[in-house]
Amino acid sequence: VIERAIPIIRLRDLLIVSIQIALSDQLVAALKDDIADALADTDARGLVIEVSGVDVFDSYIASSISDIAGIARFMGVDTILAGLDASMAITLVEMGLELEGVRTALDLDMAVRMIGESTADKKASDRALIQRLLGLEVDLSSGSEAGDPQEVEPT
Amino acid sequence: VRSTSAHGSGALADAIVEALEVDFSLIIARSILRSALHRVGVSQRQLERRGMDNALLEALCRGTRMYAKDARVRRQCSQRLRGLALGAGPSSAAAPSEEGELRITTEDDIVAARQKARLLATQLGFGTTTRIKIATAVSELARNMYRYAGGGSLSMTPVDRPRHGLRILAEDRGPGIPNLDEILAGDYRSRTGMGLGILGCKRLMDEFEIHSSSEGTRVVAHKFVSE
């Protein structure tokens, strides 16, 4: 029997899953397990599920994606769904299906940027917390941009 | 620019690639189609007008033999392709295909059913979004039969009255759906999303009738081509 697993790609601190085949229930179930294993084995900060190749997005697939996002959230990982095309988005809305706990992005590029941004926010808030715990003054203006190099005034 | 369709250009080419993709990767599926077309001397463009005939079917099956060692895989694949031949009918896009009944007994049948639904919807002149809606509705019906009724049968038929469109009939001899009223009112939600499937299907179609008893369930749904 031909191996039909969907590959999970690791890129820096992201796990990327791009679905390019018609999904059977069996494949979806296997994907759920594989993603949970991959999340446990890595210290990924974000999970991107790219679905531009999915033929149909029905209730089972939608609830499976929500489940995957739920598992990821428990492991401290954000999930972003990328590449859902307009026809499928309309169909999902019309059916009354919700993708609970899943953020969406137009495409993979945007998804990767969104994860990067939320990671920068997290770093900034971590830094603010550490400063507060150490009894230091918290400078909110620089805290929110902690990820960016600061311009130093020439003296 | 973002690509939304991973497949070829025409509806039949897409359907063939999708049928092959159940067992093969996209690249292999495309190459099986390409070499089969080459073998029967038909171009991608001619394919849509010509439809699936026995020569092409034979060439495609020959292609699958090169990649699949397992006889069972090859047999399933050829059955799926044969289904397209039925669905595609006598080539002309203006004359929609004859009635085709599908047995839903395995998971792969769910995928095959929605692929066929999409092909038929394309042939009947439905727009892109409506094609997806029809394929999604068929997927929900097929899955419910497979999961909760131990299988069933599904047929898709073109209709002309009251308007030009598609009729979907799903029948099974399962135990019936006990809390149907609750489901249709949107008050019921299961973890597996069962209620959502039926309600979703109803919302996606223009007309939806369901009868369920301890003898089985029968759904008749219509979608009409908007003028």
Side-chain angles (χ1 to χ4, degrees), chain A residues 1-7 18-32 50-68 70 81-100 104-111, chain B residues 2-7 14 17-19 21-29 67-70 72-73 106-112 114-115 117-118 127-140 142-143 146-147 186 190-204:
Chain A
V1 180
I2 304 241
E3 187 70 43
R4 287 198 271 149
I6 296 165
S18 178
I19 303 170
Q20 298 292 334
I21 49 173
L23 284 173
S24 69
D25 295 12
Q26 211 180 330
L27 265 181
V28 174
L31 181 63
K32 234 154 118 173
E50 203 272 341
V51 293
S52 65
V54 171
D55 64 331
V56 155
F57 215 94
D58 63 12
S59 61
Y60 176 74
I61 294 170
S63 76
S64 300
I65 300 250
S66 284
D67 287 351
I68 290 171
L81 187 70
L84 194 67
D85 81 42
S87 300
M88 290 199 190
I90 292 168
T91 304
L92 276 174
V93 170
E94 209 161 287
M95 291 178 83
L97 293 179
E98 283 164 42
L99 290 166
E100 281 163 48
T104 52
L106 193 61
D107 53 24
L108 192 56
D109 185 53
M110 191 193 259
Chain B
R2 188 163 79 89
S3 89
T4 47
S5 166
H7 309 130
D14 278 359
V17 170
E18 281 178 15
E21 266 192 275
V22 176
D23 292 304
F24 305 98
S25 72
L26 178 61
I27 294 167
I28 290 177
Y67 295 99
K69 289 190 186 74
D70 189 326
R72 204 173 50 88
V73 170
T106 68
E107 272 192 19
D108 285 344
D109 293 336
I110 303 174
V111 178
R114 68 192 191 215
Q115 285 170 349
R118 194 147 86 162
T128 319
T129 300
T130 315
R131 279 177 225 163
I132 299 283
K133 287 182 188 174
I134 291 169
T136 307
V138 164
S139 186
E140 301 288 359
R143 176 167 296 107
Y146 169 72
R147 281 238 180 132
S190 71
R191 272 301 296 142
T192 51
M194 174 190 176
L196 285 175
I198 293 178
L199 187 58
C201 176
K202 181 178 183 232
R203 287 172 172 161
L204 290 174

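Each chain gets a letter, A, B and so on, in the order its sequence line appears, and its residues count up from 1. Computation of the quantities below employed the complete heavy-atom set of this structure, encompassing side-chain atoms and omitting hydrogens, waters and symmetry-equivalent molecules.
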- Task: Check for a donor-acceptor pair, side chain of B:Glu140 on one end and backbone N or O of A:Asp58 on the other, with a separation under 3.5 Å.
- Result: no
- Query: Looking only at heavy atoms, which two atoms of B:Gly197 and A:Ser59 are closest? And how far apart?
  - Reply: CA-OG, 3.8 Å
- Item | A:Ser24 OG to B:Ile110 CD1 distance, which is reported to the nearest 0.5 Å | 8.5 Å
- Has the side chain of B:Glu107 got a donor or acceptor atom that lies under 3.5 Å from a matching backbone atom of A:Gln26? yes
- Shortest non-hydrogen separation from B:Thr129 to A:Thr91 and the atoms involved: O-OG1, 4.3 Å
- Grab the two heavy atoms, one from B:Val111 and one from A:Leu23, that are nearest each other, plus how far apart they are. CG2-O, 3.8 Å
- So which of B:Lys202, B:Lys133, B:Arg203 actually passes salt bridge (charged side-chain N to carboxylate O under 4.0 Å, His left out) with A:Glu94? B:Lys133
- Query: What's the shortest heavy-atom distance between A:Met88 and B:Ile132, and which atoms?
  - Reply: CG-CG2, 4.0 Å
- Task: Heavy atoms only: give me the nearest A:Met95-B:Gly200 pair and the separation to one decimal.
- Result: CE-CA, 3.7 Å
- Could A:Asp25 and B:Arg143 be called an ion pair, given the rule that one side-chain N must be under 4.0 Å from one carboxylate O? yes
- Starting from the C-alpha separation in whole Å, work towards a yes-or-no answer on salt bridge (charged side-chain N to carboxylate O under 4.0 Å, His left out) for A:Asp55 and B:Arg114. CA-CA 9 Å; A:Asp55 64 331; B:Arg114 68 192 191 215; 2.9 Å; yes
- Please state whether the side chain, the backbone, both or neither of B:Leu204 comes within less than 4.5 Å of a heavy atom of chain A. both
